[in-house]
Protein chains: 2
Amino acid sequence: MLTGWRRNPNRFQFVTKLEGGILPDGTNMRTPYGLEIIENCLSCPHREERLFCNLPEQTVKALSAITSSASYPKGATLFVEGQPARGVFILCSGRVKLSTSSADGKTLILRISEPGEVLGLPATVTGTCYELTADVVEPAQSNFIARNDFLAFLKDNGEAALRVAQQLGETYHAAVAEMRTIGLSHSAGEKLARFLLEWAANYPEEKGQIRLKLTLTHEEIAQMIGSSRETVTRLLADFRRKQLLQVMGSTLIIKNKAALQSIVTG
Amino acid sequence: MLTGWRRNPNRFQFVTKLEGGILPDGTNMRTPYGLEIIENCLSCPHREERLFCNLPEQTVKALSAITSSASYPKGATLFVEGQPARGVFILCSGRVKLSTSSADGKTLILRISEPGEVLGLPATVTGTCYELTADVVEPAQSNFIARNDFLAFLKDNGEAALRVAQQLGETYHAAVAEMRTIGLSHSAGEKLARFLLEWAANYPEEKGQIRLKLTLTHEEIAQMIGSSRETVTRLLADFRRKQLLQVMGSTLIIKNKAALQSIVTG
DNA sequence: GCTATAACGTGATGTTTATCACGGGTGCCC
DNA sequence: GGGCACCCGTGATAAACATCACGTTATAGC
């Protein structure tokens with residue numbers, strides 16, 4: 001049984017119930033499902049706004065009965081691309097990087113998932129393999145629902161199935177947006193500008209400036225826009241020189257949104 | 001009323017009931033929904049193998065009651081990216097190109113849809129705008145279900161909603177595959193090889209050769225792999241010279257699959 | 001505070017490939 | 001049959017960017 005304090009590379013972490021994760025040191029975290037429910041989705045702070053919000057009380061109860069919860073340290077892997085889908089992960093806190101890699105080690109990051117999102121949904125509903133790899137980049141807590149339980153639940157709860165379909169639609173939408181930035185750009189500068197603007201869309205604009213947190217390394221940004229680490233470094237320096245933006249640690253300020261937009265327009 | 005014989009650029013076509021399409025000459029084909037049902041999904045040859053197969057008889061009846069049918073000539077547009085989603089199109093015959101374009105006219109083709117596929121599904125279930133443009137590249141017949149009808153139907157038919165979720169998962173899967181070919185390749189040659197192999201996956205292999213139909217112009221191939229028309233021409237010539245493949249009109253024979261695979265592996 | 005490791009900055013270099021330009025081929029329509 | 005539109009082939013050119021290489025600056029763990 002994995003319940004208890006556990007040594008991780010970065011910190012101690014109280015692990016209540018772990019499912020199918022891989023620790024940074026390579027240890028496999030898989031345990032049998034459903035042994036105990038430490039936390040149910042009623043206590044999740046994102047319950048109201050996301051996938052299974054506002055469902056009938058009874059439905060939520062049915063859901064929480066098949067849900068288990070776990071904490072994952074930075075560097076942990078929730079699932080790996082090519083693995084048969086075990087179930088879905090509902091991210092309660094932290095952030096998770098979704099990526100795919102080629103044989104020669106090149107990596108493409110598709111998305112940094114935020115709390116409230118459901119990971120592994122497409123593969124779980126279709127019964128195929130996870131198409132992406134999910135790595136924890138910020139210590140995360142996540143609920144897990146095993147595939148069989150999840151499908152049975154959906155079959156009995158039409159409304160929930162519809163919600164799932166909507167969530168999938170949004171996921172697809174985001175993927176298409178990503179394809180546009182990667183596939184329709186003429187230059188790396190255009191891709192970077194597109195990326196920054198999309199990222200900034202989640203932050204408020206004040207006095208023509210947008211303050212945003214960007215806790216990604218240049219390498220990771222490069223992997224998001226399909227470019228190399230060095231060009232990202234150079235382009236960011238270039239943007240700074242041209243007064244388009246300003247960097248202070250992990251916070252980035254867009255000082256000239258219009259100019260960035262004119263870069264993507266061409 | 002649009003029922004009757006209609007002049008199209010390429011051929012005459014009997015148009016039974018048209019929904020929201022745009023003809024090559026720019027004419028808008030929109031008509032009010034639900035006036036008459038010419039064809040229902042029971043008669044669709046793909047009924048058995050796709051989205052709504054094997055549903056209870058009653059469910060299928062409910063479905064066909066909200067379905068209308070139409071024929072579209074080559075060059076017609078089913079929907080345009082950015083348009084509010086009107087509903088889903090179930091492709092019965094023909095082929096449809098799904099693409100997205102940037103302001104400066106560059107185009108990225110995401111998929112060539114085959115009969116049996118459902119178009120416009122993500123936007124319809126999420127209630128957003130179509131994220132892609134759907135152009136008919138081979139004369140097509142398609143069923144249409146308006147958004148409101150479709151959502152109401154899904155709410156009442158949990159099993160169908162689950163099927164929809166699965167279809168969406170597959171769509172997403174295909175999109176990720178596309179992203180991999182575009183985003184993880186080091187060269188255009190690699191992208192083209194990846195593209196050809198994925199395309200060939202739908203055809204049988206015999207004696208180490210794969211015979212496949214590829215009714216796409218070099219321009220379109222370029223738009224699928226995010227490259228230029230000229231490089232596609234040059235690369236195909238190069239592949240032919242190296243005995244990797246052979247082209248006869250619109251049929252293409254892969255003579256050395258292993259070599260193509262070694263190109264994508266690097 | 002010290003050391004190891006990761007992240008960033010920057011120059012030089014060479015390949016890739018987009019782009020422009022033009023010619024030949026083919027089918028379609030008047 | 002002549003014109004028109006589209007598609008394919010091919011050369012020349014230039015720019016963008018990946019890659020290599022190395023130094024510098026942060027960051028984290030002891």
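The basis for the numbers below is simple: all heavy atoms, side chains too, and nothing from hydrogens, waters or symmetry mates. Letters A, B, ... mirror the listed sequences (proteins, then strands); counts begin at 1.
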query: For the pair made of CG in B:Asp238 and C1' in C:dT17, what is the distance, rounded to whole Å?
result: 14 Å

- request: Could you tell me the separation between the CD atom of A:Glu220 and the P atom of C:dA6, rounded to a whole number of Å?
  value: 13 Å

message: From NZ of B:Lys74 over to C1' of D:dA5, roughly how many Å is that when rounded to an integer?
response: 13 Å

Ionic contact status for B:Arg229 with B:Glu220, cut-off 4.0 Å: no

task: Please step through salt bridge (charged side-chain N to carboxylate O under 4.0 Å, His left out) for the pair A:Glu81 and B:Arg180, ending with a clear verdict.
output: CA-CA 12 Å; A:Glu81 98 179 87; B:Arg180 287 178 55 90; 2.9 Å; yes

field: Whole angstrom value for the distance that separates C1' of D:dA16 from CG of A:Leu235
entry: 11 Å

- prompt: OP1 or OP2 of C:dT15 sitting under 4.0 Å from any side-chain N/O of B:His186?
  reply: no

- request: Using atom NZ of B:Lys191 as one end and atom C1' of D:dA18 as the other, report the distance to the nearest whole Å.
  value: 14 Å

- prompt: Does A:Thr231 place a side-chain N or O at less than 4.0 Å from the phosphate oxygens OP1/OP2 of D:dA18?
  reply: yes

- prompt: Got a sec: does the CZ of A:Arg95 have more than 12 other heavy atoms crowding it under 6.0 Å?
  reply: yes

Please enumerate all protein N or O atoms sitting under 3.5 Å from an N or O of nucleotides 8-10 of chain C, with distances to 0.1 Å.
| unit_1 | atom_1 | unit_2 | atom_2 | d |
| --- | --- | --- | --- | --- |
| C:dC8 | OP2 | A:His218 | N | 2.7 |
| C:dG9 | N7 | A:Arg229 | NH1 | 2.9 |
| C:dG9 | O6 | A:Arg229 | NH2 | 3.1 |

message: Strictly below 4.0 Å, N to O, side chains only: are B:Arg234 and B:Asp238 in salt-bridge contact?
response: no

field: Atom pair distance, as rounded to whole Å: CD in B:Gln223 and P in D:dC6
entry: 14 Å

Integer-rounded Å distance: C:dT16 P and B:Leu192 CG: 16 Å

- prompt: Salt bridge or not for A:Glu205 and A:Lys257, using N-O below 4.0 Å?
  reply: yes

task: Find the distance B:Ile225:CD1 to C:dA18:C1' and express it as a whole number of Å.
output: 13 Å

task: Verify, without hydrogens or angle tests, whether A:Tyr130 (side chain) and A:Arg86 (backbone) share a donor-acceptor contact under 3.5 angstrom.
output: yes

